[in-house]
Amino acid sequence: MEPLENLAEAEYIDLAKNGDQEAFTQIVEMYKNPVYNMCYRMLSNPQAAEDAAQETFWRVYKNLNRYDSKRKFATWLLSIAAHYCIDQQRKKRLPSIDLSEIIEFSAEDPAPKPENVAIRNEFSEEVQQQMAELNESDRAVLVLRYWHEMSEVEISETLRITKSAVKSRLHRARKHMAEQWSSVQEITTIEGRQHESQTV
């Protein structure tokens with residue numbers, strides 16, 4: 001029999017559906033980082049993200065036989081993580097700022113939009129605060145678009161909303177980030193000028 005580490009994703013899934021624990025462990029290994037990152041960027045709390053990731057994989061395990069192989073597995077998996085995180089935020093209103101960590105954003109987007117520059121180059125305390133002001137659904141759309149580089153269609157399938165709703169939420173989130181970033185830049189410029197005048 002071929003070693004598990006050499007099997008394709010679909011084969012892992014088929015084996016796991018038939019109760020192969022080792023195959024499911026391989027699935028977890030394949031997706032643990034994307035799932036944790038999704039949860040962390042939604043919840044901004046390492047422990048809450050770890051708990052959410054564990055719950056996600058538990059739900060995947062319980063519902064694996066309901067997975068439709070015609071659908072991209074990663075999309076189905078991340079939809080479970082996203083909906084769980086949205087539910088947790090709505091129930092607990094978890095804080096979305098963790099000052100001990102600064103998320104590095106590495107996704108490349110060719111469009112030189114202010115909000116993209118803000119997210120890509122300045123994902124610091126201020127930007128996390130701006131993300132915290134977004135509602136759960138808008139934040140989920142933003143995370144899936146820029147961290148997981150999903151298309152609007154994939155986001156629609158993941159969150160089970162229409163493509164037009166994705167466009168609307170993405171536009172709203174981008175606008176919020178752009179406006180907030182402009183405000184931060186304006187304050188920084190004013191403070192810089194004040195500092196210069198004091199040192200002259």
Side-chain angles (χ1 to χ4, degrees), residues 31 33-45 48-49 51-53 55-60 62-64 66-98 103 105-123 126-184:
Y31 287 102
N33 289 336
V35 169
Y36 174 82
N37 289 337
M38 171 79 192
C39 295
Y40 179 76
R41 282 160 184 148
M42 287 291 294
L43 304 175
S44 292
N45 179 289
D51 292 344
E55 178 64 24
T56 295
F57 283 114
W58 172 239
R59 293 186 178 195
V60 168
K62 289 193 300 181
N63 294 286
L64 198 56
R66 298 172 60 186
Y67 164 65
D68 182 358
S69 59
K70 295 179 182 178
R71 188 179 180 188
K72 188 176 179 181
F73 184 74
T75 300
W76 180 72
L77 177 70
L78 290 175
S79 73
I80 294 174
H83 284 287
Y84 179 75
C85 289
I86 289 172
D87 288 342
Q88 290 304 296
Q89 288 174 313
R90 287 174 175 167
K91 289 176 182 177
K92 300 180 180 179
R93 291 295 172 184
L94 293 173
S96 297
I97 304 171
D98 183 355
I103 302 173
F105 180 55
S106 59
E108 293 294 330
D109 190 287
K113 300 173 184 177
E115 68 272 16
N116 295 344
V117 175
I119 297 172
R120 183 167 59 247
N121 297 330
E122 299 290 341
F123 210 112
E126 292 84 1
V127 177
Q128 282 196 256
Q129 290 174 328
Q130 294 162 21
M131 286 281 285
E133 295 172 6
L134 293 170
N135 66 47
E136 297 87 355
S137 298
D138 290 355
R139 191 183 312 164
V141 169
L142 201 66
V143 170
L144 291 172
R145 173 65 184 89
Y146 290 102
W147 274 273
H148 294 279
E149 299 181 349
M150 286 189 179
S151 67
E152 291 175 352
V153 172
E154 289 174 324
I155 295 172
S156 173
E157 293 175 353
T158 299
L159 297 180
R160 296 195 291 274
I161 58 177
T162 65
K163 187 177 177 181
S164 62
V166 172
K167 287 178 178 289
S168 176
R169 292 178 184 182
L170 192 55
H171 172 75
R172 186 164 57 231
R174 283 171 167 169
K175 183 180 179 185
H176 168 82
M177 296 298 288
E179 290 175 347
Q180 293 301 312
W181 179 244
S182 295
S183 297
V184 170

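The structure displayed is predicted, hence computed values, not measured ones. Computation of the quantities below employed the complete heavy-atom set of this structure, encompassing side-chain atoms and omitting hydrogens, waters and symmetry-equivalent molecules.
- The distance from the CG atom of Leu43 to the CZ atom of Arg139 is 8.0 Å, given to the nearest 0.5 Å.
- Taking CE from Met42 and CD1 from Ile86, the interatomic distance works out to 4.5 Å, rounded to the nearest 0.5 Å.
- In terms of heavy-atom proximity, Ala52 sits nearest to Cys39 at CB-SG, 3.7 Å.
- Remark: Arg59 engages Glu55 in a salt bridge, criterion side-chain N to carboxylate O under 4.0 Å.
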Audit row: Phe57, Tyr31, ring pair (Phe, Tyr, Trp, His ring centres under 6.0 Å) steps and yes/no
CA-CA 9 Å; Phe57 283 114; Tyr31 287 102; 7.8 Å; no

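- Under the 4.5 Å side-chain criterion, counting only non-hydrogen atoms from C-beta, Arg160 is in contact with His83.
- Nearest approach of Thr56 to Ala81, heavy atoms of both residues: OG1-CA, 3.4 Å.
- Under the rule for a side chain to side chain donor-acceptor pair (under 3.5 Å), the partners of Lys167 that lie at least two apart in sequence or sit in another chain are Glu152.
- In this structure, Phe73 and Val60 approach most closely via the heavy-atom pair CZ-CG1, 4.4 Å.
- Asn37 pairs by the side chain to side chain donor-acceptor pair (under 3.5 Å) definition with nothing, not counting sequence neighbours.
- Interatomic distance, CE of Met38 versus CZ of Arg41, reported as 10.5 Å (0.5 Å rounding).
- Annotation: the span from Glu157 atom CD to Ser79 atom OG amounts to 10.0 Å, rounded to 0.5 Å.
- Using a 4.5 Å heavy-atom cutoff, the side chains of Val166 and Leu159 are not in contact.
- The side chain to side chain donor-acceptor pair (under 3.5 Å) check on Arg66 picks up Asn63, with sequence neighbours excluded.
- Looking at Lys72 and Glu154, a side-chain N of the basic residue comes within less than 4.0 Å of a carboxylate O on the acidic one, giving a salt bridge.
- No donor-acceptor contact under 3.5 angstrom links the side chains of Ser137 and Arg172, judged on distance only.
- Closest approach of Thr158 to Leu78, counting heavy atoms only: CG2-C, 3.9 Å.
- Ile80 is not listed as a side-chain neighbour of Tyr84, based on a closest heavy-atom distance of 4.5 Å or more.
- Between the CD1 atom in Ile161 and the NZ atom in Lys163 there is a gap of 12.5 Å [rounded to 0.5 Å].
- The OH atom of Tyr67 sits 10.0 Å away from the CG atom of Leu77 when rounded to the nearest 0.5 Å.
- Using modelled atom types, one finds a donor on one side chain and an acceptor on the other under 3.5 Å when comparing Arg174 with Tyr146.
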